[in-house]
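Counting convention: from 1, in listed order, for ligands and their atoms alike. The basis for the numbers below is simple: all heavy atoms, side chains too, and nothing from hydrogens, waters or symmetry mates.
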Amino acid sequence: KVVCVTGASGFIASWIVKFLLQRGYTVRGTLRDPSNPKKVDHLLKLDGAKERLQLFKADLLEEGSFDSAIEGCDGVFHTASPVRFVVNDPQVELIDPALKGTLNVLKSCARSPSVKRVILTSSVSAVKFSSRPITPEVVVDETWFSDPDFCRESELWYTLSKTLAEAAAWKFVNENNIDMVVINPSMVVGPLLQPEINESVEPILNLINGVPFPNNAFGWLDVKDVADAHILAYEIASANGRYCLAERVVHYSEIARILRDLYPTIQISDKCVNDEPYVPPYQLSKEKANSLGVKFTPLEVSLKETVESFREKNILDF
Ligand code: NDP
């Protein structure tokens with residue numbers, strides 16, 4: 001079968017491409033600049049890439065840009081979306097590419113009758129940010145949907161971009177009779193296939209470099225498990241709706257503690273950015289993810305593999 005992965009060179013997408021090739025699929029990967037070796041070399045080296053990986057140039061903001069990559073595909077994995085937590089112009093840098101880009105990709109899917117299912121990479125960002133109080137007792141699940149006004153008021157621009165994109169996607173697929181399954185991962189760590197660091201593993205590098213950690217609790221999980229979940233959501237006919245993913249929800253101080261246990265000789269940061277009480281972890285339901293057969297790698301293993309991968313890529317030398 002032929003499938004398309006948008007933003008193929010990204011952290012998560014590269015693992016999706018790798019696993020799809022391993023499973024015998026022909027993969028069409030889209031990226032903005034297929035002539036950039038930093039974006040493509042790691043993909044071209046994957047097992048099966050020579051025979052079954054085709055790269056297409058496509059930009060989220062260009063109408064019709066994804067038509068040729070998607071035409072004739074059985075499945076489409078839409079992962080491309082800017083991941084940046086600090087921006088100057090949220091509309092231009094995050095919201096337009098996320099929202100217009102998602103609709104652009106879905107319009108190409110609607111024009112291609114071969115497409116049987118779309119897997120959208122959304123985020124827990126599109127799930128848990130609303131005025132609903134979050135306490136340690138609360139279990140966040142797939143029935144929650146982030147509130148765009150809350151995101152705007154809190155200036156959570158990346159969160160807003162993912163919320164608007166997922167909401168628009170559901171509206172579009174319902175109106176156009178497209179089968180879509182959505183994956184909502186928490187913070188993703190684990191080994192990098194791409195040569196350069198991405199936003200969600202950067203906090204780990206910061207901790208190793210002794211930078212004080214944010215006073216916040218997030219869900220965390222392994223990139224390989226995220227990729228697996230995408231493929232399960234595509235291959236299992238009964239998969240439906242959204243799937244929240246996290247191995248564990250922990251405060252940054254706990255990530256620092258795990259890293260200190262793993263690397264006792266390194267000066268891992270033990271300072272929080274402020275003196276306020278630690279934001280307590282919440283709970284994220286794993287029920288739906290478990291029902292899909294998603295397995296979660298222990299966070300300790302994922303963090304170790306993240307750090308080892310920094311070493312391999314010469315992002316860190318110690
Ligand atoms: P990366 O930054 O590694 O990858 C993002 C991809 O989006 C890149 O391949 C990039 O393409 C593409 N992209 C960005 N802007 C555009 C544009 N204007 N046109 C075309 N492509 C564009 O991020 P991740 O792998 O971490 O994230 C992948 C997806 O997973 C995103 O949708 C993200 O929101 C979601 N996600 C990530 C989480 C995480 O913790 N990492 C958690 C939850 C969800 P190019 O190669 O051309 O630059």
Legend entry - Ring-face cation contact, Tyr25 with Lys1, 6.0 Å cut, 45° max: no
Legend entry - All salt bridge (Lys or Arg N to Asp or Glu O under 4.0 Å) counterparts of Glu62, not counting sequence neighbours: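 Salt bridge (Lys or Arg N to Asp or Glu O under 4.0 Å) list for Glu62, sorted by chain: empty.
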Measure and list all N/O to N/O distances between ligand 1 and the protein that fall under 3.5 angstrom.
unit_1	atom_1	unit_2	atom_2	d
ligand 1	3 (O)	Phe11	N	2.8
ligand 1	7 (O)	Ser81	N	3.1
ligand 1	7 (O)	Ser81	O	3.4
ligand 1	9 (O)	Gly7	O	3.1
ligand 1	9 (O)	Gly10	N	3.4
ligand 1	19 (N)	Leu60	N	3.0
ligand 1	25 (O)	Phe11	N	3.2
ligand 1	25 (O)	Ile12	N	2.9
ligand 1	32 (O)	Thr79	O	2.7
ligand 1	32 (O)	Lys162	NZ	2.8
ligand 1	34 (O)	Tyr158	OH	2.6
ligand 1	34 (O)	Lys162	NZ	2.9
ligand 1	40 (O)	Val188	N	2.9
ligand 1	40 (O)	Ser200	OG	3.3
ligand 1	41 (N)	Ser200	OG	2.9
ligand 1	46 (O)	Ser9	OG	2.8
ligand 1	46 (O)	Lys39	NZ	3.4
ligand 1	47 (O)	Arg32	N	3.2
ligand 1	47 (O)	Arg32	NE	3.0
ligand 1	48 (O)	Arg32	NH2	2.7
ligand 1	48 (O)	Lys39	NZ	3.2

Legend entry - side-chain contact (heavy atoms from CB on, under 4.5 Å) against Pro212, all qualifying residues, sequence neighbours excluded: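 Here the qualifying residues are Lys271, Val273.
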Legend entry - Residue list, side-chain contact (heavy atoms from CB on, under 4.5 Å) with Ser130, at least two apart or on another chain: Arg132, Asp147
Legend entry - Near-ring test Tyr158/Phe85, centroid separation under 6.0 angstrom: yes
Legend entry - Ionic contact status for Arg111 with Asp67, cut-off 4.0 Å: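 Here Asp67 pairs with Arg111 in a salt bridge, since their nearest N and O are under 4.0 Å apart.
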